[in-house]
Amino acid sequence: MLGERDKADIRTLYRDAADKSRQVRILMELFLASREEILDVLGPMAEPGRPKPSKKGLPKRSYTPEFKDEAKRRLRAGEGVHQVAEDMGVNVRTVATWAYYVRREERERNAKL
């Protein structure tokens with residue numbers, strides 16, 4: 001069973017890895033865990049639907065609705081914009097925009113009460 005410190009280390013090592021697919025195998029060996037356990041710890045970070053970083057002149061990155069929902073869920077839970085952006089590998093301004101929409105939705109919901 002993986003402890004909280006192990007889980008944090010797994011996320012950090014995965015986020016900093018150059019080759020994500022190889023890194024999962026390395027983490028499995030390093031932490032003596034199954035692929036499912038590693039992917040459970042990584043959550044949406046390891047989802048194949050996550051786009052590659054864009055380079056200047058290429059189209060903007062797009063994110064799957066599930067990926068955005070996970071970020072919004074974490075923002076609603078009180079996590080900071082910078083922490084969510086760092087953990088999920090997304091630009092801080094992008095997450096700040098999502099946070100704006102989360103706050104706006106909450107204001108509209110409260111106004112209806």
Side-chain angles (χ1 to χ4, degrees):
M1 181 166 217
L2 298 169
E4 289 305 312
R5 180 67 191 158
D6 290 337
K7 291 178 182 180
D9 289 343
I10 287 171
R11 287 185 201 101
T12 301
L13 291 169
Y14 183 81
R15 184 180 59 238
D16 296 339
D19 183 352
K20 305 295 187 192
S21 61
R22 286 186 56 208
Q23 187 66 18
V24 170
R25 281 183 258 131
I26 292 169
L27 291 170
M28 288 168 53
E29 292 175 17
L30 185 62
F31 290 93
L32 301 174
S34 69
R35 180 175 180 79
E36 290 76 28
E37 288 175 302
I38 298 296
L39 293 177
D40 283 345
V41 169
L42 296 175
M45 291 175 69
E47 289 183 6
R50 187 167 171 270
K52 302 285 184 206
S54 89
K55 303 250 191 268
K56 192 169 183 150
L58 295 179
K60 284 185 174 182
R61 291 172 70 172
S62 61
Y63 299 94
T64 62
E66 295 82 15
F67 188 80
K68 287 182 185 179
D69 290 343
E70 173 62 18
K72 288 178 180 182
R73 183 195 61 76
R74 291 175 65 179
L75 291 166
R76 280 188 204 98
E79 268 190 77
V81 170
H82 288 277
Q83 184 63 43
V84 173
E86 183 178 321
D87 289 349
M88 298 184 82
V90 179
N91 184 291
V92 174
R93 286 300 317 144
T94 301
V95 176
T97 301
W98 296 343
Y100 165 78
Y101 287 113
V102 166
R103 288 189 306 272
R104 189 170 85 175
E105 289 168 6
E106 288 174 359
R107 276 195 309 268
E108 289 173 359
R109 198 170 350 167
N110 291 337
K112 291 178 182 178
L113 298 178

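For the numbers below, each heavy atom of this structure counts, side chains included, while hydrogens, waters and symmetry mates do not.
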Quick one: closest heavy-atom pair of [X] and [Y], and the distance?
X   : Y   : answer
L42 : R11 : CD2-CA, 4.0 Å
V84 : R74 : CG2-CB, 4.0 Å
A96 : V81 : N-CG1, 3.7 Å
I10 : V41 : CG2-CG1, 3.9 Å
L75 : W98 : CD1-C, 4.2 Å

Quick one: pull up [atom1] in [X] and [atom2] in [Y] and give me the separation to the nearest 0.5 Å.
X    : Y    : atom1 : atom2 : answer
R25  : L27  : CZ    : CG    : 11.0 Å
E105 : R103 : CD    : CZ    : 11.5 Å
T12  : D87  : OG1   : CG    : 8.0 Å
Y101 : E106 : OH    : CD    : 15.0 Å

Joint cluster assignment, [X] & [Y], ILVMFWY side-chain distance < 4.5 Å:
X   : Y   : answer
V24 : L13 : yes
F67 : V92 : yes
L2  : Y14 : yes
L30 : M28 : yes

Under a 4.0 Å threshold between the charged nitrogen and the carboxylate oxygen, would E4 count as salt-bridged to K7?
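A salt bridge is present here (some side-chain N lies under 4.0 Å from a carboxylate O).
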Check D69 with R73, please: is the shortest side-chain N to carboxylate O separation under 4.0 Å?
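Salt bridge between R73 and D69, a charged N being under 4.0 Å from a carboxylate O: no.
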Please check this pair: side chain of Q83 against backbone of G80, looking for a donor-acceptor N/O pair closer than 3.5 Å.
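Checked: no pair found.
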Atom CZ of residue position R76 - does it have more than 12 heavy atoms of other residues, nucleotides or ligands inside 6.0 Å?
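Count over threshold, so yes.
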Is there a side chain to side chain contact (heavy atoms under 4.5 Å, CB included) between D9 and F31? Walk through the geometry before answering.
CA-CA 10 Å; D9 289 343; F31 290 93; 4.0 Å; yes
